Amino acid sequence: MDVRLLGSGGWLPTDSRETACVYVRDGADLLVLDAGTGLRRLVTEPQLVDGVERVHVALTHFHLDHIVGLAALSGFGVEAREVWMPARLLAGAQAGDLLERLLGPPFMLGAARVAAARELEGDAEIGPFRVEIRIQEQHPGRSLAFKVDGALAYCTDTAYDPANVEFARGARLLLHEAFWPGETTDDPGHTASGEAGRLAAEAGVERLVLVHVNPEADDEEKLARSARARFAPAEVGRDGLVLM
């Protein structure tokens with residue numbers, strides 16, 4: 001797998017970070033985890049889709065910083081595009097109906113011109129990728145954690161969730177949100193970097209990369225220090241970082 005960060009920030013894009021988007025490629029198939037503003041890089045950096053024949057997007061939830069990049073799907077020359085959505089799981093809606101609400105008039109030209117909708121209701125074979133999911137209850141509206149081919153775990157938009165320890169176990173790489181520096185936070189929907197480090201250590205992963213970084217963070221080294229106090233091979237993710 002070729003894995004890179006297209007968007008490592010949360011909430012709002014900044015001059016240095018787009019919002020949530022992870023690129024996972026296997027040959028002619030591209031799996032994109034979340035469709036934040038980082039997805040625009042598939043248009044502005046066309047080498048990322050050279051040789052790609054199929055694009056599969058899997059959404060963790062429906063907050064705007066994770067879906068607004070869907071608008072970019074029609075902006076590059078890959079015709080086979082699909083969006084896997086936890087529509088029934090998290091929104092009580094049909095995937096096709098929800099995608100049309102997101103991409104249809106008057107805001108866009110219609111979902112059918114952008115991508116096909118797919119229901120994501122449990123573990124799934126998405127192209128050549130095996131994607132395991134887990135519902136994270138500790139975020140407004142809930143969100144999904146992903147595990148791809150047993151090697152990559154992605155846990156974003158959640159308060160510290162001990163159940164993610166077992167979910168991430170066995171993965172080489174953990175991408176975990178760290179919206180706040182410090183050992184802990186009372187934010188009911190987001191994680192502190194020390195908590196992410198603790199989870200990585202307990203899960204026994206090889207590497208932790210902190211994502212969904214607060215755009216108002218004034219010292220990203222604080223994030224890294226708090227995580228490394230619990231788990232030494234931790235780093236703050238940056239857009240463009242090649243992970244595997």
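Remember, predicted model here, so these are calculated numbers, not experimental data. The first residue of the sequence shown is numbered 1, and numbering continues consecutively from there.
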Colleague: Could you check if a side-chain atom of E195 sits within less than 4.5 angstrom of a side-chain atom of E183, using non-hydrogen atoms only?
Modeller: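 Sidechains of E183 and E195: no contact.
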Colleague: Can you name the nearest heavy-atom pair linking R230 to R198, along with the distance?
Modeller: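 R230 and R198 have their closest heavy atoms at CB-N, 3.5 Å.
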Colleague: Quick one: does T191's side chain get under 4.5 Å of T185's, heavy atoms only?
Modeller: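 Heavy-atom side-chain distance check fails, nothing below 4.5 Å.
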Colleague: Does D50, at its CG atom, have more than 12 non-hydrogen atoms belonging to other residues, nucleotides or ligands within less than 6.0 Å?
Modeller: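 Counting other residues, nucleotides and ligands, CG of D50 exceeds 12 neighbours.
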Colleague: Which residues satisfy the salt bridge (Lys or Arg N to Asp or Glu O under 4.0 Å) test with E18, sequence neighbours excluded?
Modeller: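 In terms of salt bridge (Lys or Arg N to Asp or Glu O under 4.0 Å), with neighbours along the sequence ignored, E18 is linked to R40.
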Colleague: Give the other cluster members for F107, using side-chain heavy-atom distances under 4.5 Å between Ile, Leu, Val, Met, Phe, Trp and Tyr residues; answer none if it is isolated.
Modeller: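 Members besides F107: none; it forms no cluster.
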Colleague: For A72, what residues pass the side-chain contact (heavy atoms from CB on, under 4.5 Å) criterion, not counting sequence neighbours?
Modeller: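 Counting only residues at least two positions away or on another chain, A72 forms a side-chain contact (heavy atoms from CB on, under 4.5 Å) with L39, V43.
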Colleague: Would a single hydrophobic cluster contain both V209 and F179, if residues Ile, Leu, Val, Met, Phe, Trp and Tyr are joined by side-chain heavy-atom contacts under 4.5 Å?
Modeller: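 No: no chain of side-chain contacts under 4.5 Å links F179 to V209.
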Colleague: Can you list the steps and then say if R25 with R4 is a side chain to side chain contact (heavy atoms under 4.5 Å, CB included)?
Modeller: CA-CA 9 Å; R25 182 169 177 177; R4 5 183 130 209; over 6 Å; no
Colleague: Please go through L208's hydrophobic cluster and name the other residues, only I, L, V, M, F, W, Y counting, with side-chain heavy atoms under 4.5 Å joining them.
Modeller: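 Other cluster members: Y160, V165, L174, L199, V205, L210, V213, L223, F231, V236.
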Colleague: List the steps and the verdict of side chain to side chain contact (heavy atoms under 4.5 Å, CB included) for E125 and R130.
Modeller: CA-CA 5 Å; E125 302 290 337; R130 174 65 176 169; 3.0 Å; yes
Colleague: Do P86 and F62 touch side chain to side chain, with heavy atoms closer than 4.5 Å?
Modeller: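 Sidechains of F62 and P86: in contact.
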Colleague: Please, which pairs that meet salt bridge (Lys or Arg N to Asp or Glu O under 4.0 Å) have at least one residue in residues 90-113, sequence neighbours excluded?
Modeller: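 Sorted result for residues 90-113: empty, none.
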Colleague: Any side chain to side chain donor-acceptor pair (under 3.5 Å) involving residues 75-87? Give me the pairs, sequence neighbours left out, ordered by first then second residue.
Modeller: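 Side chain to side chain donor-acceptor pair (under 3.5 Å) check on residues 75-87 returns H56-E82, E82-W84, E82-R118.
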Colleague: Considering only heavy atoms from C-beta outward, does the side chain of L31 approach that of V131 to under 4.5 Å?
Modeller: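 A side-chain contact exists here, since the closest heavy-atom pair is under 4.5 Å.
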Colleague: Going from CG on L103 to CG on L98, what distance comes out if it is rounded to the nearest 0.5 angstrom?
Modeller: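 Reported value, rounded in 0.5 Å steps: 9.5 Å.
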Colleague: Name all residues meeting the salt bridge (Lys or Arg N to Asp or Glu O under 4.0 Å) criterion together with R238; count only those two or more places apart in sequence or in a different chain, and write none if there are none.
Modeller: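 For R238, the residues satisfying salt bridge (Lys or Arg N to Asp or Glu O under 4.0 Å) (neighbours in sequence not counted) are E220.
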Colleague: Test V22 against V211 for side chain to side chain contact (heavy atoms under 4.5 Å, CB included), laying out the working first.
Modeller: CA-CA 10 Å; V22 183; V211 295; over 6 Å; no
Colleague: Counting the benzene-type ring for Trp, do H176 and H212 have ring centres under 6.0 Å apart?
Modeller: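 Centroid separation for H176 and H212: 6.0 Å or greater.
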Colleague: Does the pair W180 and D187 meet the rule for a side-chain hydrogen bond (donor to acceptor under 3.5 Å, both in side chains), with working shown?
Modeller: CA-CA 9 Å; W180 305 108; D187 185 331; 2.8 Å; yes
Colleague: Salt bridge (charged side-chain N to carboxylate O under 4.0 Å, His left out) between R169 and E166: does it pass, once the steps are laid out?
Modeller: CA-CA 5 Å; R169 193 175 301 283; E166 285 306 315; 2.8 Å; yes
Colleague: Nearest 0.5 Å please: distance from the CG atom of L144 over to the CG atom of L120.
Modeller: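 Result: 6.0 Å between the selected atoms.
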Colleague: Give the minimum heavy-atom separation between P140 and G189, together with the two atoms involved.
Modeller: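 Looks like CD-CA, 4.2 Å.
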Colleague: Check whether any side-chain heavy atom of E121 lies under 4.5 Å from a side-chain heavy atom of R88, and answer yes or no.
Modeller: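 They are in contact (side-chain heavy atoms under 4.5 Å apart), so the answer is yes.
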Colleague: Shortest non-hydrogen contact from S193 to P181?
Modeller: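 Closest pair (atom of S193, atom of P181, distance): OG-CA, 3.6 Å.
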Colleague: Could you go through the salt bridge (charged side-chain N to carboxylate O under 4.0 Å, His left out) check for D29 and R54 one step at a time?
Modeller: CA-CA 5 Å; D29 284 88; R54 294 164 293 276; 2.8 Å; yes
Colleague: Got a second to check how far L6's CG is from D34's CG, nearest 0.5 Å?
Modeller: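 These two atoms lie 11.5 Å from each other.
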Colleague: With sequence neighbours excluded, what pairs up with H139 under the side-chain hydrogen bond (donor to acceptor under 3.5 Å, both in side chains) test?
Modeller: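 Partners of H139 by the side-chain hydrogen bond (donor to acceptor under 3.5 Å, both in side chains) criterion, ordered by chain and then number, come out as H63, D157.
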Colleague: Report whether L175 and M244 are members of the same hydrophobic cluster (ILVMFWY, side-chain heavy atoms less than 4.5 Å apart, transitive linking).
Modeller: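 Shared cluster, yes.
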Colleague: When you measure from the side chain of T19 to the backbone of G36, do you find a donor-acceptor pair of N or O atoms at a distance under 3.5 Å?
Modeller: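 The answer is no, because no donor-acceptor pair under 3.5 Å joins these two groups.
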Colleague: Stepwise, does the side-chain hydrogen bond (donor to acceptor under 3.5 Å, both in side chains) test hold for S143 with T60?
Modeller: CA-CA 5 Å; S143 62; T60 59; 5.9 Å; no
Colleague: Looking at G237 and S8, what are the two nearest heavy atoms and their distance?
Modeller: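 Closest heavy-atom pair between G237 and S8: O-OG, 3.6 Å.
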Colleague: What are the two closest non-hydrogen atoms of T37 and P13, and how far apart are they?
Modeller: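 Scanning both residues completely, I find the closest heavy atoms to be OG1-CB, 3.7 Å.
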Colleague: Quick one: which of L42, V57, L48, V78 gives a side chain to side chain contact (heavy atoms under 4.5 Å, CB included) with L30?
Modeller: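 Going through L42, V57, L48, V78 one by one, the side chain to side chain contact (heavy atoms under 4.5 Å, CB included) with L30 is satisfied by L42 alone.
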Colleague: With side chains defined as the heavy atoms from C-beta onward, is the minimum distance between L5 and L243 less than 4.5 Å?
Modeller: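 Yes, at least one pair of side-chain atoms sits under 4.5 Å.
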Colleague: Should V32 and Y23 count as side-chain neighbours, where that means a heavy-atom distance under 4.5 Å?
Modeller: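 No; the side chains remain at least 4.5 Å from each other.
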Colleague: Is it the case that more than 12 heavy atoms not belonging to L12 sit under 6.0 Å from its CG atom?
Modeller: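 Yes, enclosed.
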Colleague: Drop me the distance from H190's NE2 to N214's CG, to the nearest 0.5 angstrom.
Modeller: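 The NE2 atom of H190 sits 8.5 Å away from the CG atom of N214.
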Colleague: If you group Ile, Leu, Val, Met, Phe, Trp and Tyr whenever their side-chain heavy atoms sit less than 4.5 Å apart, what else falls in with V68?
Modeller: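 None, because no other hydrophobic side chain comes under 4.5 Å of this residue.
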Colleague: First locate atom CG of D149, then atom CD of E132, and finally report the distance between them rounded to the nearest 0.5 Å.
Modeller: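 Going from the CG atom of D149 to the CD atom of E132 covers 9.0 Å.
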Colleague: In chain order, what residues pass the side-chain contact (heavy atoms from CB on, under 4.5 Å) check against R134, with sequence neighbours excluded?
Modeller: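 For R134, the residues satisfying side-chain contact (heavy atoms from CB on, under 4.5 Å) (neighbours in sequence not counted) are Q136, A145, D161, A163, N164, F167.
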Colleague: Using the rule that Ile, Leu, Val, Met, Phe, Trp and Tyr join whenever any side-chain heavy atoms are under 4.5 Å apart, tell me whether W11 and I67 fall into a single cluster.
Modeller: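 Unlinked, W11 and I67 end up in two clusters.
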Colleague: Between V3 and V242, is there a side-chain heavy-atom distance shorter than 4.5 Å?
Modeller: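 Answer no - side chains too far apart.
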Colleague: Among all residues two or more places apart in sequence or in another chain, which pass the salt bridge (Lys or Arg N to Asp or Glu O under 4.0 Å) test with R228?
Modeller: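 R228 satisfies salt bridge (Lys or Arg N to Asp or Glu O under 4.0 Å) with E221 once adjacent residues are dropped.
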Colleague: I'd like to know if the side chain of T158 pairs up with that of Q138 as donor and acceptor (distance under 3.5 Å, no hydrogens or angles considered).
Modeller: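 Q138 and T158 do not have a side-chain donor-acceptor pair below 3.5 Å.
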Colleague: Under the side-chain contact (heavy atoms from CB on, under 4.5 Å) test, which residues partner T14, sequence neighbours left out?
Modeller: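 Scan of T14 (side-chain contact (heavy atoms from CB on, under 4.5 Å), adjacent residues dropped) gives S16, R17, P215.
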Colleague: For K147 and I133, run side chain to side chain contact (heavy atoms under 4.5 Å, CB included): C-alpha distance rounded to whole Å, both residues' side-chain angles, the deciding distance at 0.1 Å, then the answer.
Modeller: CA-CA 6 Å; K147 194 174 185 181; I133 72 168; over 6 Å; no
Colleague: P188 and A159: which non-hydrogen atoms are nearest, and at how many Å?
Modeller: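 Result for this residue pair: O-CB, 3.4 Å.
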